[in-house]
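This report concerns only the one structure given below.
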Amino acid sequence: MPKVTLTKLRKSYGRNEVVHGVSLTIEHGEFIVLLGPSGCGKSTLLRMVAGLEGITEGEIAIGPTVVNKLEPRERGCAMVFQNYALYPHMTVRQNIGYSLKVAGMSRSERTAKVDEVAGTLGLSEFLDRKPSQLSGGQRQRVAMGRAMIREPKIFLYDEPLSNLDAQLRVAMRVEIRKLHQRLGTTTLFVTHDQVEAMTLADRIVIMNKGNIEQVGTPAEVYHRPATTYVARFIGNPGMNLLPAVVDPGTGIVRMADGQVLAYDKSRWRTIEPGEITVGFRAETARLAPGGFSARFDFAEELGSAQLLHGTVAGKSVTVQSTGNIGLKPGDPLPFAIAPHELHLFAANGQRFAEQSRVEIPARPFTPAPAPTYLPVA
Amino acid sequence: MEKRATFSNLWLAAAFIAPQMLLVFVFFYWPTGEALYWAVTLEPPFGGSNEWVGWLNFETVFSDPKYWNSVRISIAFASLATMLSLVIAAMLALFVDRRLPGHQLYKFTFFLPYALAAPSVGLAFRFIFSPDAGFVSAINRVWPNLWNPALDGWDAFLLIIFAQSWKMVGYNFIFFLAALQSIPRSVTEAGAMDGASVLRRMWDIQLPLIAPTLFFLIVINITDSFVDSFGIVDVTTSGGPARATDLMVYKIYFDGFEGKDYSLAAAQSIVLMLLIIALTFIQFRFIERRIHYS
Amino acid sequence: MIERSPLLDLFTHLLLLASFVALLIPFWIVFVAASHDFHTVNQVPMPLWPGSSFFENMAVAWERGNFGRVMLNSFIVAGGVTLGKIVIAALSAFSIVYFKYRLRMVLFWLIFITLMLPLEVRIVPTYAVAADALRPFQSMIDLFGIGINLPEWNLLNSYSGLILPLVATATGTFLYRQFFLTVPDELAEAAKMDGAGAIRFFLEILLPLSRTNMAALATIMFVWSWNQYLWPLLVVTDQQNFATATMQLQKLIPGPLFGEPPVWNIAMAANLIVLAPPVLVTIVLQRWFVRGLMVTEK
């Protein structure tokens, strides 16, 4: 069965290189999400796999076949576009069946297949409408039907949900996941929305400025971010990151204002003394008097909890609390963090190497409980 | 559409619009009304005010075989020149839109003929297609007297069709190319993902999507071939030989200003105006569809 | 897009190249013909490479076509029409869009309808009016039985006769209106808050915003009015003083008088002179020209 291999892929437009040597192996049946801010090269990467963009350097293989020079139709990929890209002059039936028509399938076979696909997507009653007469969600479904009907080796999604409103987006997310479970087709999904990425992906590929920052399961990228960039990007809010000086002998990190935190020495391999970045997640901090403290700035109500924003040595930090503790701006905000919840990053932003025996915490992953942070389309 | 913020000084509003209204009144509405008046009256030979004659002028016009000849030629000319230039322009636009290396050059040169005045085009084509000098005359070396627009009506007719199409190709090209470029790229890409080859995509996706532009251009081209062709005909064939290129506007000009028969010319003008207005209404229908598509 | 279609690519290149040649070769032939002497230009087949008599022919053509005078006339007419359209259309569109009065839509339609009928189909009646531009008013006065006699204002053989009827269409008004409607309301409101009246808003905010549209309109109008042929032919009888450049083309049609072959080289040189300004304008201001085409024809 085909697996997709990207080897040292580069893409330049003139002198401007937008993808800088990306390598990635996608297993058969895997659901991979390419995640990153706009302009990070994730869509370009997807379009290179599709054959819509040429490859400046490197290689893309689907199964044993190098597809660099193959045209889109020869690659066995189907794609769902961000703006759906439905053919405005064709009916839903014609849209979905167009690839079969091009492939020379007879009308009766085509009708049967379109009916089947439309049935699974709940589009049966709209088959004779034009795209302009459909709602956003329906158009989205037509776009998916058009991809499904070809029974492709690989599904490519280019931010397919970003034109939908928040509720519909959640519903379509579920449908896409179900579809993947049923068909088991290898899938590449591009998004800038981390909630989408977390909920859909078997593995997430986090991209930044044309490079891959980290490849990992949703739990991995959340609990063991490979770089400060990933740490900040994943999670709502992103990880707190503070510059500090580390003393590996005592297992202590010292902030710029002299406050110290202890980390779990046994977790990390060699750490050189000197300047590093220390990180912790808002939800791992416990409010506790004594020890470490920040200056309180303001609180955000989330319903189930509160996010307390403060400042440590000029850097802002966020800690999560379950109760309203009635602080006023300027008050001290005391909290404690368990040593094993501290993440250590070298000055270049890379995570320090850990002992291999350290496993990801067993507790099941729950998406960050922060509806107010949901990016609005 | 309405503006929320408006000014209310009516004198100012009147002053701003007055120059335009005056010009439109003096040079459009009044003359149009006068044409109507002339079309239903006749000037007595020895002065005095015009006499009401009803449909007489129109009857004279319509019973003249030369008039029907002119109508036939005009329609044939309009449809052939329009078809020729639209087909060529659409094809060029589709292939330029493939954006192969060099397409910028074509984009910036193809519309140049449209910058020329009709008589300039006419004079150039008269020379190029002249039977005894210029470019095409070489043909007559091989087959003597095969090509002579000065004597052969068909040749003359072809000549003005070539000239008109050549002039309009660039214009149509600009509109087709703009229409093609306004198709979201992802629609064409979706076609490629669906397995359609380049030519297939042109036929199945791009052409249908620029159809509204096509309808719009058909009307513009037909109107233009009625109106702007005067310069071409006047310089190349003067309506001849034997009225083979006697287009409607040319005939009106000839009857009115060489023959000094304003009443007949006015009646013909009215018919032509109605024809153009009808065409314009058709165009409005299609503009509606154009908006609907996008 | 990855596309392996060498044959189709080759076909595309050949097709476009062939069309390029076909569309531009008339320009080349005109130029080549204008550069040969009388004898060479009448050879069959004519040479495809320029000869040495270009400047000589141009000088003769310039002289024979009285181009010193007629080019000036054409520039005056084209400039006048362009300027007139830009100014008058801006004023009327401003009135229609930014003022509220009952006749507004009626006036808009009255102007808009003029888009339908080009001057060429109205030549006979327009010509009659041009003989006395005040006649419409005189007729209306007569109708009411008031005994006032307006003077005659004959537009034949005058710049105003060449210019005014060409200005009297709605192209520009329509273009400005479309643009004004896209200008956010907040701008006028802010201007009002800042104490600006209608005229100040028009001059200091609206017109500067319209610059690109004006440039597009100006380009297209210049080329259009330069290329006018039928109207100047009618309204000018004083060829010596008021002929325009395009009118001269007809006079230079080489007729084989007394069995002599026609003087094509001079005719083509004259054609080059006449077509140079509009072609140069479209090449140099190409961006505006294309834009102008798109917006005026919508």
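Throughout, a chain's letter reflects where its sequence line sits, starting with A, and its residues are numbered from 1. Keep in mind it's a predicted model, so treat the numbers as computed, not measured.
Ranked by heavy-atom pairs shorter than 4.5 Å toward chain C, the options S269(B), P119(B), P19(B), A35(B) are led by P119(B). Contact count versus chain C (heavy atoms, under 4.5 Å) is highest, among L94(B), T109(B), V249(B), for T109(B). The greatest number of non-hydrogen atom pairs below 4.5 Å with chain C, out of L275(B), I128(B), I174(B), is found for I128(B). Note on L100(B), L22(B), I276(B), N9(B): by heavy-atom pairs under 4.5 Å with chain C, the leading option is L100(B). Considering only heavy-atom pairs separated by less than 4.5 Å from chain B, the leading option among T114(C), V290(C), I88(C), T173(C) is T114(C). In terms of heavy-atom pairs under 4.5 angstrom with chain C, the leader among I252(B), V96(B), T188(B) is V96(B). Of the listed residues (V198(B), V24(B), L272(B), D234(B)), the greatest number of heavy-atom pairs within a distance under 4.5 Å of chain C belongs to D234(B). Of the residues considered (I29(C), I123(C), I25(C), T282(C)), I29(C) shows the highest number of contacts with chain B, using heavy-atom pairs under 4.5 Å. For chain B, the option among S92(C), P278(C), P136(C) with the highest count of heavy-atom pairs below 4.5 Å is P136(C). Highest contact tally toward chain B, considering only A168(C), A245(C), A22(C), is held by A168(C) [criterion: heavy-atom pairs under 4.5 Å]. Between chain B and the options F27(C), Y101(C), W226(C), the largest number of non-hydrogen pairs under 4.5 Å is found for F27(C). In terms of heavy-atom pairs under 4.5 angstrom with chain B, the leader among L134(C), L17(C), L23(C) is L23(C).
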Test log, rule side chain to side chain donor-acceptor pair (under 3.5 Å), inputs K167(B) and S85(B)
CA-CA 8 Å; K167(B) 182 172 185 293; S85(B) 70; over 6 Å; no
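Screening Y176(C), Y98(C), F94(C) for a ring pair (Phe, Tyr, Trp, His ring centres under 6.0 Å) involving F16(B) leaves a single residue, F94(C).
With a threshold of 4.5 angstrom between heavy atoms, Y29(B) approaches chain C through side-chain atoms but not through N, CA, C or O. At a 4.5 Å heavy-atom cutoff, the contact between S130(B) and chain C is made by side-chain atoms alone. Within the 4.5 angstrom heavy-atom criterion, atoms from both the backbone and the side chain of I113(C) approach chain B. Heavy atoms closer than 4.5 Å to chain C are found in both the backbone and the side chain of L112(B). Looking at V124(C), both its backbone and its side chain come within 4.5 Å of chain B, counting heavy atoms on both sides. Heavy-atom distances place the side chain of V30(C), and not its backbone, under 4.5 Å from chain B. Proximity to chain B is absent for every atom of V32(C), based on heavy atoms less than 4.5 angstrom apart. Heavy atoms of F20(C) lying under 4.5 Å from chain B belong to its backbone as well as its side chain. Proximity to chain C (any heavy atom under 4.5 Å) is restricted, for Y106(B), to the side chain, taken from C-beta onward. Heavy-atom distances place the side chain of P118(C), and not its backbone, under 4.5 Å from chain B. At a 4.5 Å heavy-atom cutoff, the contact between F111(B) and chain C is made by side-chain atoms alone. Contacts between L166(C) and chain B at a heavy-atom distance below 4.5 Å are absent for every atom of the residue. Contact annotation for E189(B): both backbone and side-chain heavy atoms come within less than 4.5 Å of a heavy atom of chain C. Looking at F289(C), only its side chain comes within 4.5 Å of chain B, counting heavy atoms on both sides. In this structure, chain C has heavy atoms under 4.5 Å from both the backbone and the side chain of M273(B). Residue L272(C): no heavy atom, backbone or side chain, is found under 4.5 Å from chain B.
The aromatic rings of W28(C) and F31(C) lie tilted to each other, with the angle between the two planes from 30° to 60°. The aromatic rings of Y171(B) and F175(B) sit tilted, their planes meeting at an angle between 30° and 60°. F230(B) and Y253(B) have perpendicular rings, their planes meeting at more than 60° on a 0 to 90° scale where under 30° would count as parallel. Between Y127(C) and F257(B), the ring-plane angle classifies as perpendicular under the 30° and 60° cut-offs.
The ring of F95(B) has its center closer than 6.0 angstrom to the ring center of F11(C). Between F162(B) and F129(B), the distance from one ring center to the other falls under 6.0 angstrom. In this structure, F201(C) has its ring center closer than 6.0 angstrom to the ring center of F7(B).
Using a distance-only test at 3.5 Å, with no hydrogens or angles considered, a donor-acceptor pair links the side chain of R201(B) to the main chain of A196(B). When atom types are taken as modelled, the side chain of N265(C) and the backbone of A34(C) share no donor-acceptor pair closer than 3.5 angstrom. Counting only distance, with no hydrogens or angles, the side chain of N57(B) and the backbone of A39(B) share a donor-acceptor pair below 3.5 Å.
The environment of I283(C) atom CD1 is dense: over 12 non-hydrogen atoms of other residues, nucleotides or ligands sit within 6.0 angstrom.
No side-chain heavy atom of N172(B) sits under 4.5 Å from any side-chain heavy atom of L92(B). When side chains are defined from C-beta on, V167(C) does not count as touching F27(B), because their heavy atoms never get closer than 4.5 Å.
Cation-pi geometry between R122(C) and F28(B) is not met at under 6.0 angstrom from the ring centre and within 45 degrees of the axis.
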